[in-house]
Enquirer: 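Would you mind keeping the following structure in view while I ask a few things?
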Amino acid sequence: MERIFCVDKKKYALLDSVHSPDDLKQLNSDELLKYCDEVRSFLVHSVSQTGGHLASSLGVVELTVALHRIFDSPRDKIVWDVGHQSYVHKLITGRKDQFDTLRQEGGISGFCRPSENPHDAFISGHSSTSLSAALGLSIASKIQGEDNYTIAVVGDGAFTGGMVYEALNNADASKNLIVILNHNEMSISKNVGAFARYLASMRSKPRYLRLKSRVEKILDKTPLIGKRLKGTLLYSKTAIKHLLYHSTFFEDFGFMYLGPVDGHNLEELVNVLNRAKKADQPVFIQVDTIKGKGYSFAEENPGAYHGVPKFDAASGNSGQEVTSCFSNVFGIALNKMADEDERICAITAAMKYGTGLQFFSSAHRDRFFDVGIAEQHALTFACGLSRQGMIPVFAVYSTFLQRAFDQIIHDAAIEGQHIVLGVDRAGIVGDDGETHQGIFDVAFLSMIPGVTIYSPSDYAELRLCLKKAVYDTQGIAAVRYPRGKESGGFLPLSKEFEPYYFSEGSDECLIVTYGRLFDQALSARQQLQRKGMNPAILKLTQVSPLPEEAIRLAARYRTVFFFEEGIRSGGAGEHFETALLRQGFCGKLILRAIENQFVPQAPIDRALEKLGLSAEGMVQTIVQEIEQSERKKQA
């Protein structure tokens, strides 16, 4: 296994010559192979400077080149599932010179965005959606009388999500639809479940396609009876395939199945794609790839190089020490609780390491469940465990919890099932942008009857909230916490759970916030104190239902400033304002939240600054309001 430093990172002759798929089509076979080498070298060096999703794109270099070689993008639509495997696609479609801005503020996205480039056929960011989107694009083209192709590139990890099968169930209606299964046996970590085992068995039996191709070639050259016999064999292909595979899963859904194909053999890929174009039915191609192909560090540890910070390309070392974070603190605390309580179960949707559940999975294998990319199933599965007397804890990113909204209402809330949601990556997450910001969970969870939401500000409070959620909360308990680590600048809080924290001030104004913004509020007060102001601070630990005593405290103040790292509409700030009015509040509440918009990619600190939620933004809001009030008094 060789590292790919044979290409001088400053000399990409072929890569620099390709600005569009049309340019790629001008390269000969030898040049295409060299182009693939240059792409891999460029990706390693470029992503090492910006961070990003590396291993996924390294695994699809030849596949992407073959797709753009055979099809005519953007007339032919290529839909990438999730999109973290689309970096090569971005290079071929003219974005090489922008790669130093990848996932940076104002730069190109780490996923597909039609608003960024016409070759991006559909938005990506969440898994298992591409086949549904591709089917819609394909049917629309058919209705409009167009004869273009639509290609969905789907990772095998996406096949752990139910949407794929819903789309498969309808896909036989589109003859110009091609589904490419990028099979590398990985999502972020190793794939799980029966379908992963099925694909693994297919990977080990590539005989059918080769056998069928050889037989057809022989019969095409056989005089007189060759074509007639070929037709008979093709009519019998289901029986032949069943003999070899003992399964006709994809063909039963109306697809022509081609594969498995070596995903790093460019000639083989080109041939199978040309064959797919000639089919008069939807085609399903299984392409076997190696995640991280060509970069030894990524091949050896593809999970670690799925999403990477900046790193040294020569050594593979990021230079960042492994430090504690909210996710790991949550996972360790849950594991310790499970040591003493055999009712506690942990569930993840293909994010064991991302949610800190690796500790639980090692210590309590019989009570740990990775259900794949299947948040809807995970939620209802948790309800089944709860109904039978277990205490299920589902750790999930805020942005992915959105996918299980109906299950929270129908399967959990109506019957009052006691489940715990560890809502990870709550709030701004930074470089992944709009599709991953965790800004909606408070708004949609707080509207559901029987849901209690806790939002700790530091590690100690996270442990207290988790214990409270598991043992002292009825119904659905959500503990939400941000990406990254605690700031270390908090005031010492209670050693027992308290629904709110209050710090008295000498002014008639009050700052109210929760979660990570508490640290910003403390910093803002320090800055205001230097200006001669000293507002009180109310930090909510229980965000919903709002603690009644906290509302009574806030009602005493003339001006209340509520800062929220979440969507304004339906958020905690609006609920707080309503509760104040019901309390007879006669003062003024200024709510600063995310004003019903999607938040683009940017570092977390920069995003908070732009949203007016940094300490400096809080100071500016408060000073402007106080000065405006003083001017009105004087007038």
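Positions are given from 1 along the sequence. As the structure is a prediction and not an experimental result, all values here were calculated from the model.
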Enquirer: With sequence neighbours excluded, tell me which residues meet side-chain hydrogen bond (donor to acceptor under 3.5 Å, both in side chains) with Y149.
Expert: none
Enquirer: Does S361 reach the main-chain N or O of Q358 with its side chain, forming a donor-acceptor pair under 3.5 Å?
Expert: yes
Enquirer: Where the side chain of Y295 meets the backbone of A313, is there a donor-acceptor pair that is under 3.5 Å apart?
Expert: yes
Enquirer: Mind telling me whether Y87 and F99 have parallel, tilted or perpendicular rings, with 30° and 60° as the class edges?
Expert: perpendicular
Enquirer: Only counting residues at least two apart or in another chain, list the ones meeting side-chain hydrogen bond (donor to acceptor under 3.5 Å, both in side chains) with H377.
Expert: none
Enquirer: Report the distance from atom CG of L54 to atom OH of Y305, rounding to the nearest 0.5 Å.
Expert: 8.5 Å
Enquirer: Between S48 (side chain only) and H45 (backbone N and O only), is there a donor and an acceptor less than 3.5 Å apart?
Expert: yes
Enquirer: Sub-3.5 Å donor-acceptor pair from the side chain of H19 to the main-chain atoms of D16, do we have one?
Expert: yes
Enquirer: Apply salt bridge (charged side-chain N to carboxylate O under 4.0 Å, His left out) to the pair E299 and K291, showing each step before the final yes or no.
Expert: CA-CA 6 Å; E299 284 193 41; K291 192 170 183 177; over 6 Å; no
Enquirer: With F394, which residues qualify under ring-ring contact (aromatic ring centres under 6.0 Å, His included), at least two apart?
Expert: none
Enquirer: Would you please name every residue forming a side chain to side chain contact (heavy atoms under 4.5 Å, CB included) with H264, sequence neighbours left out?
Expert: R40, E62, D262, T289, I290, K293
Enquirer: Is it the case that the side chain of E461 and the backbone of S457 share a donor-acceptor pair, with hydrogens and angles ignored and the cut-off at 3.5 Å?
Expert: yes
Enquirer: Going by the angle between their ring planes, with limits at 30° and 60°, are Y397 and F400 parallel, tilted or perpendicular?
Expert: parallel
Enquirer: Please tell me if the side chains of F326 and P482 come closer than 4.5 Å, counting only heavy atoms from C-beta onward.
Expert: yes
Enquirer: Given the rule in the side chain to side chain contact (heavy atoms under 4.5 Å, CB included) test, do T355 and V396 qualify, once you have shown the distances and angles that lead to the verdict?
Expert: CA-CA 7 Å; T355 57; V396 58; 5.8 Å; no
Enquirer: Among pairs that include at least one residue of residues 118-136, which meet salt bridge (charged side-chain N to carboxylate O under 4.0 Å, His left out), considering only residues two or more places apart or in two chains?
Expert: R95-D120
Enquirer: What do the steps show when you test L168 against F159 for side chain to side chain contact (heavy atoms under 4.5 Å, CB included), and what is the final call?
Expert: CA-CA 11 Å; L168 280 174; F159 274 80; 4.1 Å; yes
Enquirer: How would you list, by chain and number, every residue that makes a side chain to side chain contact (heavy atoms under 4.5 Å, CB included) with F122, sequence neighbours excluded?
Expert: V79, A133
Enquirer: Does a side-chain N-to-carboxylate-O contact under 4.0 Å join E38 and K96?
Expert: no
Enquirer: Step by step, would you call L181 with V287 a side chain to side chain contact (heavy atoms under 4.5 Å, CB included)?
Expert: CA-CA 6 Å; L181 168 62; V287 177; over 6 Å; no
Enquirer: Is the shortest side-chain N to carboxylate O distance from E486 to R516 below 4.0 Å?
Expert: no
Enquirer: Sequence neighbours excluded, which residues qualify as side chain to side chain contact (heavy atoms under 4.5 Å, CB included) partners of Q601?
Expert: S109
Enquirer: Sort and list the pairs that fulfil side chain to side chain donor-acceptor pair (under 3.5 Å) and have at least one residue in residues 429-438, not counting sequence neighbours.
Expert: R103-D432
Enquirer: Would you please say whether a donor-acceptor pair under 3.5 Å links the side chains of S398 and R425?
Expert: no
Enquirer: Who pairs with H68 by side-chain hydrogen bond (donor to acceptor under 3.5 Å, both in side chains), at least two apart in sequence or on another chain?
Expert: H89
Enquirer: Give, for atom CG of L608 and atom CZ of F563, the distance between the pair rounded to the nearest 0.5 Å.
Expert: 12.5 Å
Enquirer: Mind jotting down which residue pairs meet the salt bridge (charged side-chain N to carboxylate O under 4.0 Å, His left out) criterion with at least one end in residues 402-411? Sequence neighbours excluded, please.
Expert: E375-R403
Enquirer: May I ask you to check whether S73 and D76 show a side-chain donor-acceptor distance below 3.5 Å?
Expert: no
Enquirer: Taking atom types as modelled and ignoring hydrogens, do the side chains of D100 and Q98 form a donor-acceptor contact shorter than 3.5 angstrom?
Expert: no
Enquirer: About how many Å separate OG1 of T348 and OH of Y353, when rounded to the nearest 0.5 Å?
Expert: 11.5 Å
Enquirer: Under 3.5 Å, side chain of T621 to main-chain N/O of G617, donor-acceptor pair present?
Expert: yes
Enquirer: Find the distance between CG (L137) and CG (L177) and round it off to the nearest 0.5 Å.
Expert: 10.0 Å
Enquirer: Using a distance-only test with no angle check, is there a side-chain donor-acceptor pair under 3.5 angstrom linking T399 and H126?
Expert: yes
Enquirer: Kindly write out the residues that satisfy salt bridge (charged side-chain N to carboxylate O under 4.0 Å, His left out) with E166, not counting sequence neighbours, or none if the list is empty.
Expert: none
Enquirer: One pair to check against side chain to side chain contact (heavy atoms under 4.5 Å, CB included): L522 and K539. What are the steps and the verdict?
Expert: CA-CA 10 Å; L522 291 175; K539 184 193 77 69; over 6 Å; no
Enquirer: Test Y514 against every option in E564, R480, E565 by the side-chain hydrogen bond (donor to acceptor under 3.5 Å, both in side chains) rule and name the one that passes.
Expert: E564
Enquirer: Under the side chain to side chain contact (heavy atoms under 4.5 Å, CB included) rule, collect the residues that match up with A460, sequence neighbours excluded.
Expert: D458, R463
